[in-house]
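Following: one structure in structure tokens, then a few remarks.
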There are 2 protein chains.
Amino acid sequence: MKIGELATRTGISPQTIRYYENIGVLPDALRMPNGYRSYDDSAVRRLGFIRDAQSSGLTLTEIQMVLEMRDAGESTCGHVVSMLEQHLIEVDRQLDELERTRHRLGQLITAARQMDPANCTDPDKCQTISAKEAFHD
Amino acid sequence: MKIGELATRTGISPQTIRYYENIGVLPDALRMPNGYRSYDDSAVRRLGFIRDAQSSGLTLTEIQMVLEMRDAGESTCGHVVSMLEQHLIEVDRQLDELERTRHRLGQLITAARQMDPANCTDPDKCQTISAKEAFHD
DNA sequence: CAAAACCTTATAGTCGGCTTCAGGGTTTGA
DNA sequence: TCAAACCCTGAAGCCGACTATAAGGTTTTG
Ligand SMILES: [Zn+2]
Ligand SMILES: [Zn+2]
Ligand SMILES: [Zn+2]
Ligand SMILES: [Zn+2]
């Protein structure tokens with residue numbers, strides 16, 4: 001199949017597919033006599049894996065490492081599992097950070113709501129903005 | 001004070017302070033006769049606010065909107081509160097997405113651990129990698 | 001009095017994951 | 001038959017928040 005069909009079957013644009021080939025996440029495609037890229041079903045599966053792996057937060061670089069190991073015929077199980085575990089730690093750290101952020105934001109909003117807008121006539125001292133203490137637990 | 005002292009007092013590098021001035025988050029600094037930027041304590045407070053607002057996940061663009069309203073002498077309370085609320089919605093969406101990501105990743109790891117590496121001798125079919133079903137609840 | 005340490009500007013590079021553009025060639029269908 | 005729709009390449013642009021580099025001028029310190 002040509003790149004356009006692969007694109008419609010996977011929901012990934014032709015440009016993106018060529019980009020994946022450029023950075024090595026997809027192997028160099030076979031070519032038809034006219035130079036057009038030619039794909040079979042394995043490309044569909046590989047793109048599906050890439051999308052799934054991305055939805056677990058893996059970067060293209062991480063995905064590429066896995067796929068390169070596989071392409072090299074190595075037993076990837078151990079490496080893959082430890083990479084996934086490493087990535088889980090990253091994701092947990094992001095979650096932690098985002099939850100702290102959410103907490104601070106909630107406090108700021110609460111503090112802002114409790115203020116009396118009537119008291120906020122001095123443009124140099126908007127209470128909402130100056131509610132610095134809301135940032136510091 | 002000169003930019004270097006402002007930098008040490010706020011923990012924000014001189015380059016970053018100039019960058020903030022460039023994009024308009026800091027007002028154009030006063031200049032000394034030799035062309036050096038000259039700051040007073042209000043710059044320290046403003047940078048402190050920027051850092052605090054960033055730690056609640058506000059972008060510099062959002063922060064700039066607030067500061068511009070304030071600089072224009074508008075009563076910012078209402079706008080600020082609604083912007084903060086809007087931003088809280090964004091953060092909640094990010095949290096949701098990240099939690100789903102974490103869930104998928106956990107499932108993938110569980111599935112990968114349960115596999116018998118002895119069964120993974122065919123390099124074209126690494127079980128860990130092919131555990132696509134782990135991605136789909 | 002010279003070197004280190006500071007200050008200035010403008011421009012370019014970084015990260016990741018694309019998207020868009022410019023300027024072609026090929027295939028398909030009315 | 002000829003225009004639309006597809007394909008190709010390489011390079012550049014985009015987002016955000018910086019960071020770095022180049023090529024100067026000024027001030028402080030020993
Ligand atoms: Zn990772
Ligand atoms: Zn106010
Ligand atoms: Zn926001
Ligand atoms: Zn395996």
* Donor-acceptor pair (no angle test) under 3.5 Å: A/Tyr36 side chain, C/dG25 base -> yes
* Asked: Under 4.0 angstrom, heavy atoms only, what part of the nucleic acid is B/Arg18 near: base, sugar-phosphate, or nothing?
  -> base
* 5'-most by nearest nucleotide on DNA chain D - B/Thr16 or B/Lys2 -> B/Thr16
* Atom-to-atom span, CD1 of B/Ile50 to C1' of D/dC18 - whole angstrom -> 14 Å
* Passes salt bridge (Lys or Arg N to Asp or Glu O under 4.0 Å), B/Asp41 versus B/Arg9? Steps please. -> CA-CA 10 Å; B/Asp41 285 346; B/Arg9 280 180 60 182; 3.1 Å; yes
* Earlier contact from the 5' end, DNA chain C, for B/Pro14 and B/Asn22 -> B/Pro14
* Asked: If only side-chain N and O atoms of A/Arg31 are considered, is one of them under 4.0 Å from the OP1 or OP2 phosphate oxygen of D/dT9?
  -> yes
* Could you check which of C/dT8, C/dT19, C/dT27 has an atom nearest any side-chain atom of A/Asn34? => C/dT27
* Structure fact -> Taken to the nearest whole Å, CD/A/Glu21 to C1'/C/dC18 is 16 Å
* To do: Would you kindly give the CG-to-P distance between B/Leu60 and D/dC15, to the nearest whole Å?
  => 15 Å
* Asked: Between C/dC6 atom C1' and B/Met1 atom CE, what is the distance in whole Å?
  -> 16 Å
* **Nearest to side-chain heavy atoms of B/Arg37, which nucleotide of C/dC18, C/dT9, D/dC18** => C/dT9
* To do: Find the distance B/Gln94:CD to D/dG16:C1' and express it as a whole number of Å.
  => 13 Å
* Would you call A/Tyr19 and A/Glu21 a side-chain contact if the rule is heavy atoms closer than 4.5 Å? -> no
* Asked: Once you round it to whole Å, what is the distance between C1' of C/dG13 and CD of B/Gln15?
  -> 14 Å
* **No-hydrogen, no-angle side-chain donor-acceptor test under 3.5 Å, A/Arg51 and A/Gln54** => yes
* Asked: Shared ILVMFWY cluster between A/Ile23 and A/Leu67, side chains joined below 4.5 angstrom?
  -> yes
* Roughly how many Å is it from CD1 in A/Ile3 to C1' in D/dA5, rounded to a whole number? -> 15 Å
* Asked: Reckon B/Ile23 touches a base, only the sugar-phosphate, or nothing at all at heavy-atom distances under 4.0 Å?
  -> nothing
* Rounded to the nearest Å, what distance is computed from the OH atom of residue B/Tyr19 to the P atom of nucleotide C/dA10? -> 16 Å
* Asked: Do we see a donor-acceptor contact under 3.5 Å between the side chains of B/Arg104 and B/Gln107?
  -> no
